[in-house]
Amino acid sequence: MKKILLTLLLLALYGIAPAQQVNNQPGLLKYNIIGTIEGKNSGKIYLDRFDIETFHNTRDSSEIINGKFTFKGSIDEPTNVVISDGDIKSRENPNLISFYVDGGDVFVSLKWGDFKNGKIAGSVANEQFKAYQDKVDTFYKQMVALRDMKAGEEEIKKVSEELRKYNCNYIRQNPDSFVSAFALYSMMSDMETDSLDYYYNLLGQNAKNGKTAKLILKDLNSKKGVMPGNLAPDFTTVDINGNKLSLSDFKGKYVILDFWASWCVPCRQSNPHLRELYSKYHDKGLEILCVSDDDSHPDKWRSAVAKDSIQLFHHVLRGLKVSKNMEFDKSNDLDEKYAIHYIPTKYLIDREGRIVGKFDTEQLTAKLKEIFGY
């Protein structure tokens with residue numbers, strides 16, 4: 001099950017259009033959004049900018065006067081913004097539109113109740129991204145249609161592979177474009193470390209200077225850090241009983257490090273098998289440490305642990321903090337340390353604290369049989 005965060009991708013774009021600097025500070029771009037709304041003569045409208053690097057959301061508001069509004073501000077690189085009636089949590093909100101600003105004047109024409117069909121002019125970054133996204137959407141529509149027709153997984157995989165090839169070719173042909181960084185970011189959760197490393201290094205330096213590429217590099221370094229044979233990244237946190245717990249406490253034991261969540265059906269389905277493995281090998285030196293993606297719902301986490309009868313395992317939360325404004329503090333996020341994009345994900349760590357590998361349930365069973373001899 002792929003984990004989805006309610007974030008807006010903010011990407012860098014270089015070498016496309018001249019932009020004004022603010023107060024002679026290099027790198028700061030001044031934008032001026034000039035908008036009209038059909039069907040709404042007064043009230044307020046909102047603009048949100050979510051920084052994917054710092055996880056900080058900036059919200060501006062503007063009065064609608066006679067169906068017109070304006071927003072002015074500055075950014076450190078071309079940026080994705082959202083204009084809405086204030087509700088940015090629901091993707092189904094009809095009064096929400098997302099686009100890119102890259103400095104200078106941007107003209108926005110909207111109809112109340114139908115923002116998605118609004119018109120954006122003046123942003124070269126937005127035009128580049130839209131051209132790319134329109135092409136990518138054709139692949140997604142094909143996959144949705146195949147699923148609706150109950151086509152086999154092989155047919156859907158073929159379309160998915162065509163999308164991957166399109167993204168890879170786009171990166172090769174447009175190494176300096178912010179869209180290339182976006183394309184790579186969209187694929188990185190499914191890429192092996194060597195492949196991600198290869199395509200990251202195809203990006204031009206301008207693209208690498210952008211925030212999205214910096215996140216790709218961070219994930220790439222995390223993936224490199226948890227390759228088999230490496231020491232597992234240590235951490236110290238508090239367990240489900242309020243006691244201090246460090247991964248290094250388990251040196252001398254084999255450890256299954258299980259990333260899961262109470263809401264993840266495949267995760268819960270694997271718990272009976274984990275109980276079997278624990279019962280079989282615990283006396284031989286096996287421990288199970290579960291890292292739950294339930295920071296926002298600790299009661300559901302505790303309930304799932306009890307319901308699945310896995311109290312004998314060690315349990316901690318991943319360490320992601322989310323504010324009421326959907327801002328993220330990932331400074332103590334164990335998912336970041338272990339490059340977790342999907343759950344369930346299970347690592348096996350040896351007695352010396354080194355990573356044996358990342359395994360699914362069947363592979364884990366076979367590996368433990370090999371290690372313990374039965």
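All residue numbers in this chain count up from 1 along the given sequence. What you are looking at is a predicted structure, and each value in this text was computed from that prediction instead of being measured. Reckoned from all heavy atoms, side chains included, excluding hydrogens, waters and symmetry mates.
Around CG of D134, the count of heavy atoms belonging to other residues, nucleotides or ligands within 6.0 Å exceeds 12. Heavy-atom contacts from other residues, nucleotides or ligands closer than 6.0 Å to CD of E362 number 12 or fewer. Few gaps surround NZ on K208; more than 12 heavy atoms of other groups in view lie less than 6.0 Å from it. Residue-environment remark: NZ (K40) exceeds the threshold of 12 foreign heavy atoms within 6.0 Å.
Side-chain contact, Y342 with D190: a donor N or O sits under 3.5 Å from an acceptor N or O. A donor-acceptor contact closer than 3.5 angstrom links the side chains of N57 and D48. When only modelled atom types and interatomic distance are considered, H341 and D219 share a side-chain donor-acceptor pair under 3.5 Å. A donor-acceptor contact under 3.5 angstrom links the side chains of N117 and D114, judged on distance only. S248 and D234 form a side-chain donor-acceptor contact under 3.5 Å, judged by distance and modelled atom types alone. A donor and an acceptor atom, one from each side chain of Q205 and N209, are located under 3.5 Å apart.
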Next on the checklist: Between W112 and E38, is the side chain to side chain contact (heavy atoms under 4.5 Å, CB included) condition met? List the steps.
Outcome noted: CA-CA 6 Å; W112 191 257; E38 179 185 344; over 6 Å; no

Next on the checklist: Please determine whether side chain to side chain contact (heavy atoms under 4.5 Å, CB included) holds for the pair V81 and F71, giving the CA-CA distance in whole Å, both sets of side-chain angles, and the decisive distance to 0.1 Å.
Outcome noted: CA-CA 11 Å; V81 300; F71 288 103; over 6 Å; no

Next on the checklist: Run the side chain to side chain contact (heavy atoms under 4.5 Å, CB included) test on L364 and I256 for me, step by step, so that the C-alpha distance in whole Å, both residues' side-chain angles and the decisive distance to 0.1 Å come before the verdict.
Outcome noted: CA-CA 9 Å; L364 185 60; I256 297 172; 3.7 Å; yes

Checklist entry - For K346 and D258, what are the C-alpha separation, side-chain angles and deciding distance, and is it a salt bridge (charged side-chain N to carboxylate O under 4.0 Å, His left out)? => result CA-CA 5 Å; K346 295 176 175 63; D258 180 30; 3.4 Å; yes

Checklist entry - Would K244 and T237 satisfy side chain to side chain contact (heavy atoms under 4.5 Å, CB included), going step by step from the backbone distance to the final call? => result CA-CA 6 Å; K244 183 179 177 181; T237 183; over 6 Å; no

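Residues N80 and S98 share a closest heavy-atom pair of ND2-OG, 2.9 Å. Smallest separation of non-hydrogen atoms from N93 and D87: ND2-O, 2.8 Å. Minimum heavy-atom separation, M188 to K223: O-NZ, 2.6 Å. Smallest separation of non-hydrogen atoms from A213 and A207: CB-O, 3.2 Å. Here the shortest heavy-atom pairing between I349 and A232 reads CD1-CB, 3.7 Å. Between A181 and I216, the shortest heavy-atom distance links the atoms O-CD1, 3.4 Å.
For the pair K367 and F359, the NZ or CZ position fails the cation-pi test of under 6.0 Å to the six-membered ring centre and within 45 degrees of the ring normal.
Looking at I83 and L110, their side chains come closer than 4.5 Å, going by heavy atoms from C-beta outward. Side-chain contact between L163 and M187 is absent, with no heavy atoms from C-beta onward closer than 4.5 Å. Here the side chains of V106 and F99 are in contact, with some heavy-atom distance below 4.5 Å. In this structure, T365 and L277 have side chains that are in contact, with non-hydrogen atoms separated by less than 4.5 Å. Side-chain contact between K72 and Y31: absent, with no pair of heavy atoms (C-beta onward) separated by less than 4.5 Å. No side-chain heavy atom of M149 sits less than 4.5 Å from a side-chain heavy atom of E155. Side-chain contact between Q128 and Y100 is absent, with no heavy atoms from C-beta onward closer than 4.5 Å. Contact check for N167 versus L184: no side-chain heavy atoms found under the 4.5 Å cut-off.
Looking only at distances, no side-chain donor or acceptor of N32 sits under 3.5 Å from a matching main-chain atom of G104. In this structure, the side chain of T79 engages the main chain of E77 through a donor-acceptor pair within 3.5 Å. Judged by distance alone, with hydrogens and angles left aside, the side-chain atoms of S180 form a donor-acceptor pair with the main-chain N or O of N174 at under 3.5 Å. A donor-acceptor pair under 3.5 Å links the side-chain atoms of Q363 to the main chain of D360, judged by distance alone. With hydrogens and angles ignored, the 3.5 Å screen pairs a side-chain donor or acceptor of D350 with a backbone N or O of E352. Under a 3.5 Å cut-off, the side chain of Y338 and the backbone N or O of P233 do form a donor-acceptor pair. Using a distance-only test at 3.5 Å, with no hydrogens or angles considered, no donor-acceptor pair links the side chain of Y198 to the main chain of T193. Between the W263 side chain and the D293 main chain, a donor and an acceptor come within less than 3.5 Å of each other. Looking at N230, its side chain does come within 3.5 Å of a backbone N or O of K224 through a donor-acceptor pair. Using modelled atom types, one side-chain atom of N95 and one backbone atom of G113 make a donor-acceptor pair closer than 3.5 Å.
Y374 and Y281 have their aromatic ring centers within a separation under 6.0 angstrom. F372 has its ring centre less than 6.0 Å from the ring centre of Y254.
One finds the NE2 atom of H297 at 10.5 Å from the OG atom of S292 (value rounded to the nearest 0.5 Å). Going from atom NZ of K358 over to atom CG of L257 covers 11.5 Å, rounded to the nearest 0.5 Å. To the nearest 0.5 Å, atom CG of residue L96 and atom CD1 of residue I88 are 8.0 Å apart. Atom CD1 of I288 sits about 12.5 Å away from atom NZ of K253, to the nearest 0.5 Å. Atom CD in Q133 sits 4.5 Å away from atom CG in D137 (nearest 0.5 Å). Atom OG1 in T361 sits 10.0 Å away from atom CD in Q269 (nearest 0.5 Å).
Residues I65 and F69 are members of separate hydrophobic clusters, defined by side-chain heavy-atom contacts under 4.5 angstrom among Ile, Leu, Val, Met, Phe, Trp and Tyr. When hydrophobic clusters are built by joining Ile, Leu, Val, Met, Phe, Trp and Tyr residues whose side-chain heavy atoms come closer than 4.5 Å, directly or via intermediates, V305 is not grouped with I343. M227 and L196 are assigned to two separate hydrophobic clusters, defined by single-linkage of ILVMFWY side chains at heavy-atom distances under 4.5 Å. F313 and V255 are members of different hydrophobic clusters when ILVMFWY side chains are connected at heavy-atom separations under 4.5 Å. By the criterion of side-chain heavy atoms lying less than 4.5 angstrom apart, applied directly or through intervening Ile, Leu, Val, Met, Phe, Trp or Tyr residues, V356 is grouped together with Y278 in one hydrophobic cluster.
Ring geometry for F182 against Y132 counts as perpendicular: the plane angle is over 60°, on a 0 to 90° scale with 30° as the lower cut.
Taking a cutoff of 4.0 Å between a charged side-chain nitrogen and a carboxylate oxygen, K211 and D51 qualify as a salt bridge. Ion pairing of D295 with K321 is absent here, as no side-chain N (NZ or NE/NH1/NH2) approaches a carboxylate O to less than 4.0 Å. Here R318 does not pair with E336 in a salt bridge; the nearest charged N to carboxylate O distance is not below 4.0 Å. Using a cut-off of 4.0 Å between Lys/Arg side-chain N and Asp/Glu carboxylate O, E161 and K158 are scored as not salt-bridged.
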